[in-house]
Amino acid sequence: MNALLEPITAWYDAHARDLPWRRPGTSPWSVMVSEFMLQQTPVNRVLPVHEAWLERWPSPADLAAEPSGEAVRAWGRLGYPRRALRLHASAVAITEQFGGEVPDTYDDLRTLPGVGDYTAAAIASFAFGRAHPVLDTNVRRVLGRTLGGVEFPAPGVTRAERDLAASLVPEVDPEVWAVAVMELGALVCTASGPRCDGCPVFDECAWQRLGKPPYDGPARKTQAYAGTDRMCRGRLLAVLRDAPGSVPRSRLDAAWAEPVQRERALASLLDDGLVVQEGQRFRLP
DNA sequence: AACACGTGGTT
DNA sequence: TAACCAAGTGT
């Protein structure tokens, strides 16, 4: 029995954001595209790209018919462009192996590139109403606080945490619970500055009852960016995204001064399939 | 299990 | 300003 279910779903009914991929009649493909884009990228930056993407490629087959480089270009500055490559590869797999329809089971979804545990559960739940624990960073934080009494969950999902999340999934309208608890984490039970005043489960929250003790687990590592290979890759790829065709090596040289790191980054981009070399020129795949 | 992987807004 | 944070996945 889940004491959080009623208050959180009631709160969701009153406060949910109107997002395109949540509207009635939205296609599973629209949900899938949103889930790929939302992997580590905030909603506000996803919104315009998602809209343009669905307009250009209304179905998986539409995307699959184009070179993967077009997906990388359309991905723009959402970050982690390998996701664009994987979304394109998933569209190809859906077209070739699933008759052009986004698979409607967790196990089939899980076979697609770029679809991990969270994304498979999310698509199965949001697009098809299936019952799965949808355990993203928001849900982990909400459950960690309300039921665990800690400000932040430990790095890495434990078996116990997964079992707990599974035990909370209701038989009726499981997808509403999934989206509601996620939304609460996104809007109220936020990582910093949680709005506990407006929380529908204030009285059920263990962390609140304990006086909101600060996180005391293992250090959560922060990611450096300036000067890293990731930044270098981003600069190189931006040159190719903004060029209509291929570019000479000199254009890449101009984008990053340090030659050893530049060559290492370019090699990794080639290795990832994000960049293709033809002769002495470079382009998107 | 730890690490690599983009980008930009907020504090 | 540097750090933190954002609906993770693959190796």
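Scope of the values below: all heavy atoms of this structure, side chains included, with no hydrogens, waters or symmetry mates. Lettering of chains follows the sequences in order, A, B, ..., and the numbering in each one begins at 1.
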Do any side-chain nitrogens or oxygens of [X] fall under 4.0 Å of OP1 or OP2 in [N]?
X: A:Arg241; N: B:dT7; value: yes
X: A:Thr222; N: C:dC4; value: yes
X: A:Tyr118; N: C:dT9; value: no
X: A:Arg220; N: C:dC5; value: yes
X: A:Arg141; N: C:dA6; value: yes
X: A:Gln40; N: C:dG8; value: yes

- Item | Side-chain (A:His88) to main-chain (A:Glu66) donor-acceptor, under 3.5 angstrom |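 Between the backbone of A:Glu66 and the side chain of A:His88 there is a qualifying donor-acceptor contact (under 3.5 Å).
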
- Item | Main-chain N/O of A:Val169 paired to A:His132 side chain as donor or acceptor, under 3.5 Å |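 No, because the side chain of A:His132 does not come within donor-acceptor range (under 3.5 Å) of the backbone of A:Val169.
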
[X] near the nucleic acid: base, sugar-phosphate alone, or nothing, with a heavy-atom cut-off under 4.0 Å?
X: A:Gly116; answer: sugar-phosphate
X: A:Asn44; answer: nothing
X: A:Leu274; answer: nothing
X: A:Thr119; answer: sugar-phosphate
X: A:Pro155; answer: nothing
X: A:Leu237; answer: nothing
X: A:Trp75; answer: nothing

- Task: Rounded to whole angstrom, note down the C1' distance from C:dT9 over to B:dG9.
- Result: 24 Å

- Task: In whole angstrom, give me the gap between the C1' atoms of B:dG6 and C:dA6.
- Result: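 Comparing C1' positions in B:dG6 and C:dA6 gives a spacing of 12 Å.
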
- Message: Can you tell whether the side chains of A:Asp253 and A:Arg249 come within less than 4.0 Å, N to carboxylate O?
- Response: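 A salt bridge is absent here (no side-chain N lies under 4.0 Å from a carboxylate O).
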
Spacing of [X] atom [atom1] and [Y] atom [atom2] [to the nearest 0.5 Å]:
X: A:Leu78; Y: A:Arg45; atom1: CG; atom2: CZ; answer: 7.0 Å
X: A:Leu236; Y: A:Glu263; atom1: CG; atom2: CD; answer: 9.0 Å
X: A:Asp62; Y: A:Glu55; atom1: CG; atom2: CD; answer: 12.0 Å

Proximity to the side chain of [X] - top-ranked nucleotide from [options]:
X: A:Arg82; options: B:dG6, B:dC5, C:dA7; value: B:dC5
X: A:Arg77; options: B:dT7, C:dA7, B:dG6; value: B:dT7
X: A:Arg110; options: C:dA7, C:dG10, C:dG8; value: C:dG10
X: A:Ala191; options: C:dA6, B:dG6, C:dA7; value: C:dA6

- Message: Looking at A:Thr41 and B:dG6, is any side-chain donor or acceptor paired with a base atom of the opposite kind under 3.5 Å?
- Response: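 It does, because a donor-acceptor pair links the side chain of A:Thr41 to the base of B:dG6 below 3.5 Å.
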
- Message: Can you work out whether A:Val43 or A:Arg86 has the more 5'-proximal nearest nucleotide on DNA chain C?
- Response: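 With A:Val43 and A:Arg86 compared, the 5'-side residue is A:Val43.
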
